[in-house]
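Data first, discussion second: the structure below is written as structure tokens.
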Amino acid sequence: MPEKQTLVMKFGGTSVGSVDALMKVTQIVKDARIEYARVVVITSAMSGVTNLLLDSAALASQGKVDSLPKAESSLREKHFAAADALIMDEELREATKSEINSLIFSLIDLCKAIAVLGEASPRVLDTVASIGERMCIRLLGAILESAGVNAKAIESTGFIVTNAHFQHAHPDFKVTTEKTRKLLNPLLENNIIPVTTGFIGATPEGVITTLGRGGSDYSAAIIGAVLPADDVWIWTDVDGIMTTDPRIVKGARTLSEITYSEVAELAYYGANVLHPKTIRPVVDAGIGLRICNTFNPSHPGTRLIANVPSDSQARNGQVVKAVTAIRNQRLVTIEGRGMLGVPGVAARAFGAVASTKTSVPLITQASSEQSICFAVPSESAISVINALQAVFASEIEDEDIDRVWMTEDVSIITVVGVGMRHTPGVAGQVFTQLGNNKANVLAIAQGSSEVSISMVVAAVDTELAVRSLHELIVK
Ligand code: ADP
Ligand code: ASP
Ligand code: MG
């Protein structure tokens with residue numbers, strides 16, 4: 001009898017993106033069954049598919065449908081190649097391909113409708129984006145079945161119930177708990193592995209929503225928390241959470257353990273290896289979380305651990321543990337001598353920003369109160385500036401506010417480590433390192449948790465800043 005009960009495993013886009021990867025996934029699922037009595041599989045869309053779907057919708061909204069046949073055939077080829085190679089039973093293979101085909105047709109219909117309307121609402125974009133995961137569960141479910149695994153594809157729209165905040169929907173945990181248990185437990189009790197869609201849910205009325213880009217990790221956390229599972233494993237294409245993005249620094253190393261508060265900062269500040277919302281449900285439910293590599297499954301990966309006293313980490317010399325970067329940001333500054341001591345400027349400023357539905361990853365304010373400066377994603381910068389100019393129109397006219405302006409593209413670089421909390425001189429080391437490498441810092445912020453320090457640098461300095469700060473970790 002397996003010792004542990006329930007395991008939730010999520011496979012990312014690259015992990016299901018090719019015949020070779022899907023073979024690896026099949027073996028991983030088989031192996032997991034030896035250790036766990038109940039296994040739930042969650043999958044992303046095959047790599048590149050979500051982007052292709054959303055690009056098709058974006059083009060359609062400009063009336064461009066010429067490239068639809070190309071998108072259609074590329075989706076068909078990608079999924080059918082895997083089906084042909086890995087689904088042995090002809091009937092099952094043809095049934096799977098025909099279901100995938102219907103979903104591809106629904107994309108074409110949606111794009112044509114978008115082209116007629118000349119716009120794509122967030123609601124329709126979520127339906128378009130959902131097609132990737134919905135195709136993938138059918139493919140993976142049949143591949144597993146073909147390999148002798150008792151598996152069943154099931155859409156999470158039947159049990160992840162969310163609000164109608166399309167593109168960033170929030171789950172209703174109470175209803176989701178009831179529905180998830182009701183739909184998944186009977187399968188699990190019959191030794192069936194549910195293969196379900198990451199990333200998507202539905203409103204109580206059944207309209208499809210998504211949890212945000214990269215949201216399949218969050219789906220795994222939600223399902224893990226509500227079942228509840230003993231463990232959640234996130235399978236990706238690197239050996240776990242690393243000291244920095246291995247695409248930027250070749251010498252990045254895997255962290256065997258990382259605390260919840262560190263990973264929360266890392267995920268928030270751009271390490272896209274884990275969606276930032278993943279952490280809270282698993283921490284609240286006390287579930288073990290592990291990040292591991294589909295292409296190197298014997299590697300233990302990274303385990304998340306409860307927060308340890310920071311000085312014990314500092315003693316281990318692990319003060320700065322990781323470096324991250326968020327690109328494509330702009331720094332927006334509101335400045336004016338008339339702002340000094342005027343109550344409510346910040347509240348009004350952030351109210352105006354919120355009205356544009358923009359989130360602000362970093363804020364700094366000079367102690368003189370003569371300026372407020374914060375970062376916003378580049379694509380929202382113009383609407384933020386417009387909203388600020390409108391809300392402060394009379395102060396601008398009276399010259400209490402001199403100007404509201406923004407920089408060119410910048411990046412937010414963050415160093416993370418719980419050991420920084422009680423270690424003097426970390427900020428000094430960080431800025432010396434950047435200075436020695438001629439990376440100019442435009443703004444600074446330190447989280448109140450003191451687990452991270454963030455700096456803003458010009459876009460061109462991003463890689464230089466990450467590389468040089470990484471030298472503080474891997475000397
Ligand atoms: P998946 O499709 O499996 O969800 P993602 O592409 O979303 O995978 O996330 C994995 C990628 O995150 C890695 O391939 C890596 O390039 C990138 N990444 C960025 N920062 C880190 C980091 N600190 N540790 C590991 N990977 C990172
Ligand atoms: N397929 C979705 C995306 O590309 C969700 C995910 O991969 O987690 O954003
Ligand atoms: Mg991801």
Side-chain angles (χ1 to χ4, degrees), residues 9-18 21 24-25 28 42-55 125-126 128-137 156 160 167-169 196-201 208-222 233-256 258 262-278 291-296 299 301-302 304 320-327 411 413-417 452 462-463 466 469-470 473-474:
M9 294 200 288
K10 173 259 169 175
F11 294 93
T14 323
S15 301
V16 292
S18 65
K24 296 213 158 47
V25 169
I28 289 168
I42 295 165
T43 182
S44 296
M46 293 179 89
S47 49
V49 167
T50 311
N51 285 347
L52 182 64
L53 296 167
L54 290 172
D55 289 348
L125 286 175
D126 275 0
V128 167
S130 75
I131 292 171
E133 272 69 10
R134 287 157 66 212
M135 291 193 287
C136 199
I137 53 163
S156 59
I160 304 262
Q167 299 191 299
H168 295 282
T196 192
T197 44
F199 183 48
I200 66 173
I208 297 178
T209 54
T210 66
L211 307 171
R213 292 303 306 268
S216 294
D217 301 331
Y218 187 30
S219 306
I222 298 167
W233 294 355
I234 306 280
W235 291 92
T236 183
D237 55 7
V238 286
D239 287 339
I241 297 182
M242 309 182 82
T243 47
T244 194
D245 188 338
R247 287 172 299 195
I248 303 182
V249 181
K250 290 260 175 316
R253 287 195 204 143
T254 300
L255 295 160
S256 57
I258 187 162
E262 288 168 329
V263 81
E265 298 289 311
L266 271 177
Y268 180 78
Y269 283 111
N272 62 337
V273 61
L274 200 63
H275 190 281
K277 287 188 180 164
T278 314
I291 292 90
C292 32
N293 190 349
T294 303
F295 303 93
N296 188 14
H299 191 289
T302 302
L304 268 82
V320 175
K321 275 177 89 173
V323 188
T324 62
I326 315 186
R327 296 169 199 263
S411 295
I413 311 293
T414 303
V415 293
V416 175
S452 69
T462 309
E463 310 220 327
V466 170
L469 290 174
H470 193 257
I473 309 171
V474 178

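Note that ligands are numbered from 1 as they come in the structure, with each ligand's atoms numbered from 1 the same way.
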>> Would T50 count as being in polar contact with ligand 2, using the rule that some N or O on each side must be under 3.5 angstrom apart?
In response: yes
> Taking side chain as C-beta onward, heavy atoms only, is I42 less than 4.5 Å from E133?
Replying inline: no
> Considering all heavy atoms of both residues, which atom of A252 and which atom of T243 are nearest to each other, and what is their separation?
Replying inline: CA-OG1, 3.4 Å
>> Is there a polar contact between ligand 1 and G13, counting only N or O atoms under 3.5 Å apart?
In response: yes
> Hey, is ligand 1 close enough to S15 that some N/O pair sits below 3.5 Å?
Replying inline: no
> Between T196 and S156, what is the shortest heavy-atom contact and its length?
Replying inline: OG1-N, 3.4 Å
> Which pair of heavy atoms, one from G240 and one from V273, lies closest together, and at what distance?
Replying inline: O-CG2, 4.2 Å
> At their closest point, which heavy atom of T324 faces which heavy atom of Y269, and how far apart are they?
Replying inline: OG1-O, 2.8 Å
>> Applying salt bridge (charged side-chain N to carboxylate O under 4.0 Å, His left out) to R327 and E463, what does each step give before you reach the verdict?
In response: CA-CA 10 Å; R327 296 169 199 263; E463 310 220 327; 3.4 Å; yes
> Is T294 reaching over with its side chain to a backbone N or O of S15, donor-acceptor style, under 3.5 angstrom?
Replying inline: no
> What protein heavy atom sits nearest atom 14 (O) of ligand 1, and how far away is it?
Replying inline: D237 OD1, 2.8 Å
> Rounded to the nearest 0.5 Å, how far apart are CG of D217 and OG of S44?
Replying inline: 7.0 Å
> What part of K10 sits under 4.0 Å from ligand 1 if we count only heavy atoms: the side chain, the backbone, both or neither?
Replying inline: side chain
>> Any heavy atom of G132 closer to ligand 2 than 4.0 angstrom?
In response: no
>> Applying a heavy-atom cut-off of 4.0 Å, say which part of V273 lies close to ligand 1: side chain, backbone, both or neither.
In response: both
>> Between ligand 2 and G214, is the shortest N or O to N or O distance under 3.5 Å?
In response: yes
> Which of these, T236, L274, D245, T302, has its nearest heavy atom closest to atom 10 (C) of ligand 1?
Replying inline: T236
> Can you find an N or O of A271 that's nearer than 3.5 Å to an N or O of ligand 1?
Replying inline: no
> In ligand 2, which numbered atoms sit nearer than 4.0 Å to a non-hydrogen atom of S44?
Replying inline: 6 (C), 7 (O), 8 (O)
> Taking all non-hydrogen atoms of both residues, which atom of S411 and which atom of T462 are closest, and how far apart?
Replying inline: OG-OG1, 2.7 Å
>> Out of all atoms in ligand 1, which are within 4.0 Å of some heavy atom of I241? Include the element for each.
In response: 24 (N)
> Is the shortest distance from a heavy atom of A252 to ligand 1 less than 4.0 Å?
Replying inline: no
> Taking non-hydrogen atoms only, is T244 closer than 4.0 angstrom to ligand 1 via side chain, backbone, both or neither?
Replying inline: backbone
>> Check for me whether H275 has a heavy atom closer than 4.0 Å to any atom of ligand 2.
In response: no
>> Which of the numbered atoms in ligand 2 are under 4.0 angstrom from any heavy atom belonging to R213?
In response: 3 (C), 4 (O), 9 (O)
> Heavy-atom contacts under 4.0 Å between R247 and ligand 1: side chain, backbone, both, or neither?
Replying inline: side chain
> Which heavy atom in A322 sits nearest to a heavy atom in L266, and how many Å separate them?
Replying inline: CB-CD2, 3.6 Å
>> Distance check, rounded to the nearest 0.5 Å: N293 atom CG versus T236 atom OG1?
In response: 7.5 Å
> Is there a nitrogen or oxygen of S216 sitting under 3.5 Å from a nitrogen or oxygen of ligand 2?
Replying inline: yes
>> N272 versus ligand 1: do any nitrogen or oxygen atoms come within less than 3.5 Å of each other?
In response: yes
> Which of the atoms in ligand 2, numbered in the order shown and given with their element, are less than 4.0 Å from a heavy-atom of E133?
Replying inline: 1 (N), 2 (C), 5 (C)
>> Has S18 got a side-chain atom pairing as donor or acceptor with T14's backbone, closer than 3.5 angstrom?
In response: no
